[in-house]
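The first residue in the sequence is number 1, and the count goes up from there.
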Amino acid sequence: MSVSYKPVIWNRTKMIYDGVLLAGIVIYILTFLKAGPLLSLALRDIDLPTQRMRAFGSLALLMLTIVLAIGPLARIDTRFIPLLYNRRHFGVMTAIVAATHAYYVFGWYFSYSPTPQLTALFTSNTSFTSIVGFPFELFGVFALVVLAVLAATSHDFWLSFLTPPIWKAIHMSVYFAYAAIVCHVALGALLDRHDLALGLLLIGGLALLCTLHLIAGRRETAADAAASAKAPEEPWIIVGDLSEIAEGRAIIGASPGGERIAVFRSKGSLSAVSNVCSHQNGPIGEGKVIAGFITCPWHGYQYRLEDGCSPPPFRERIRKYRVQMQGSSVLVDPEPLPLGTKMEPFRIPAELLAAVAGSAKLGGQ
């Protein structure tokens, strides 16, 4: 996190992430241009400018597919969470690759036209009533505009200025960009030629994204249903058993209204907070306690256990909830405390800690 807004706050992780990303882009383009004509009939008899267009165009499709797959993959398997840390860098690079594709298209198809390039783009093909010959270029322009807007507003300045809900809503338009690219490729490149590799990338990527999102969505729905089923008759809800909470980690429950609540265990105490990070609505409960602070797994935003506030000079806050125990069951009051309310973590009775430690030892034998 940063108090002052800077273009990029570089650290070792960001450098490695971007270095691998740039290396992958270079390797893909070189492999496409050098080995593509040897492996694909669709690339064998075309000129170099067209090869460059197709190289950057197919790469933009591949990168956007990966960007959209990272979210559900991280929900399905926590080992993919590190890919989320700098996903915005991935998105910005995808927009640059797509813009490069558009640059080569303009430079090759419209550079010698007496009509201005943009005018020619929107007026040269108006076959809206036919699938074959439909002006697929318009889908590409729409997708490029959306990606450019998302790249331009990717910085935390815009996240703070627009507020997280509005910023998130704007950035969900990436799915409209992906749908437009699918139409752009399906009505353009795939109708124009028989390119098996591009067809597999398009159809396979679409099927993969649909499958991943369905699996992740079903898991989230099942988790919420299981948490809600644990609710007792009294206002407090049962989140789970103390033995389910590893040291420095959390379990997640859901209030009757659907709000997710994360209960962390740290140094013999329990603290309940909203499961939604104030930065980008990341899943706090999937993070851990580091150096005494609840740390979001997405971008490392941290909050104090006692009041849900970020340490000075940072100002982010998340809601706190009251915690108590009945036997080994952990209960939470679903009514959140006012933001910034200071409340000491709930101390776990010593006998329960000893019982949990003993059962852990027996389980490990």
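Residues Met343 and Ile318 do not share a hydrophobic cluster, defined by chaining ILVMFWY side chains whose heavy atoms lie under 4.5 Å apart. Ile245 and Ile290 fall into different hydrophobic clusters, where Ile, Leu, Val, Met, Phe, Trp and Tyr are joined by side-chain heavy atoms under 4.5 Å apart, directly or via other members. When the side chains of ILVMFWY residues are joined at heavy-atom separations under 4.5 Å, either directly or via intervening members, Leu159 and Val67 end up in a single hydrophobic cluster. Note: the hydrophobic cluster containing Phe136 does not contain Leu144 (ILVMFWY, side chain heavy atoms under 4.5 Å, direct or indirect links). Residues Tyr321 and Phe293 do not share a hydrophobic cluster, defined by chaining ILVMFWY side chains whose heavy atoms lie under 4.5 Å apart.
With 3.5 Å as the limit, one finds a donor-acceptor pair spanning the side chains of Thr295 and Gln302.
Remark: Glu286 engages Arg75 in a salt bridge, criterion side-chain N to carboxylate O under 4.0 Å.
Judged purely by atom type and a 3.5 angstrom limit, Trp167 uses its side chain to pair as donor or acceptor with the backbone of Thr153. At least one donor-acceptor pair under 3.5 Å links the side chain of Glu247 to the backbone N or O of Lys267. When atom types are taken as modelled, the side chain of Arg219 and the backbone of Ile76 share a donor-acceptor pair closer than 3.5 angstrom. Lys320 places a side-chain N or O within donor-acceptor distance of the main-chain N or O of Leu305, the cut-off being under 3.5 Å.
Taken to the nearest 0.5 Å, the CG atom of Leu242 stands 7.0 Å off from the OG atom of Ser328. The line from CD of Glu344 to OG of Ser271 is 9.0 Å long, rounded to the nearest 0.5 Å. Note: Ile25 CD1 to Ile96 CD1 = 8.0 Å, rounded to the nearest 0.5 Å. One distance of note links CG of Asp307 with CG of Leu337; it measures 11.0 Å at 0.5 Å rounding. Remark: His171 NE2 to Leu162 CG distance equals 8.0 Å, nearest 0.5 Å. The distance from the OG1 atom of Thr341 to the CZ atom of Arg317 is 9.0 Å, given to the nearest 0.5 Å.
Considering every non-hydrogen atom in both Ser58 and Leu201, the closest pair reads O-CD2, 3.6 Å. The two residues Phe176 and Phe142 come nearest to each other via the heavy atoms O-CE2, 3.9 Å. Heavy-atom minimum distance, Ala60 versus Thr94: O-CG2, 3.9 Å. Shown here for Leu73 and Phe80, the closest heavy-atom pair between the two residues is O-CD1, 3.7 Å. Across all their heavy atoms, Val146 and Ala177 have their closest contact at CG1-CB, 3.7 Å. The two residues Ala250 and Gly285 come nearest to each other via the heavy atoms CB-O, 3.8 Å.
Classification of the His89-Tyr17 ring pair by plane angle, with boundaries at 30° and 60°, yields perpendicular. Ring geometry for His279 against Tyr301 counts as parallel: the plane angle stays under 30°, on a 0 to 90° scale with 60° as the upper cut.
In this structure, the side chain to side chain donor-acceptor pair (under 3.5 Å) partners of Ser278, at least two apart in sequence or on a different chain, are Tyr303.
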Open item on the list: Go through it in stages, so that I can follow the logic: the residues are Phe346 and Val330, the test is side-chain contact (heavy atoms from CB on, under 4.5 Å), and I'd like the CA-CA distance, side-chain angles, deciding distance and then a yes or no.
Closed with: CA-CA 10 Å; Phe346 176 84; Val330 178; over 6 Å; no
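Counting non-hydrogen atoms of neighbouring residues, nucleotides and ligands closer than 6.0 angstrom, the NZ atom of Lys168 exceeds 12 such neighbours. Within 6.0 Å of OH in Tyr175 there are more than 12 heavy atoms belonging to other residues, nucleotides or ligands.
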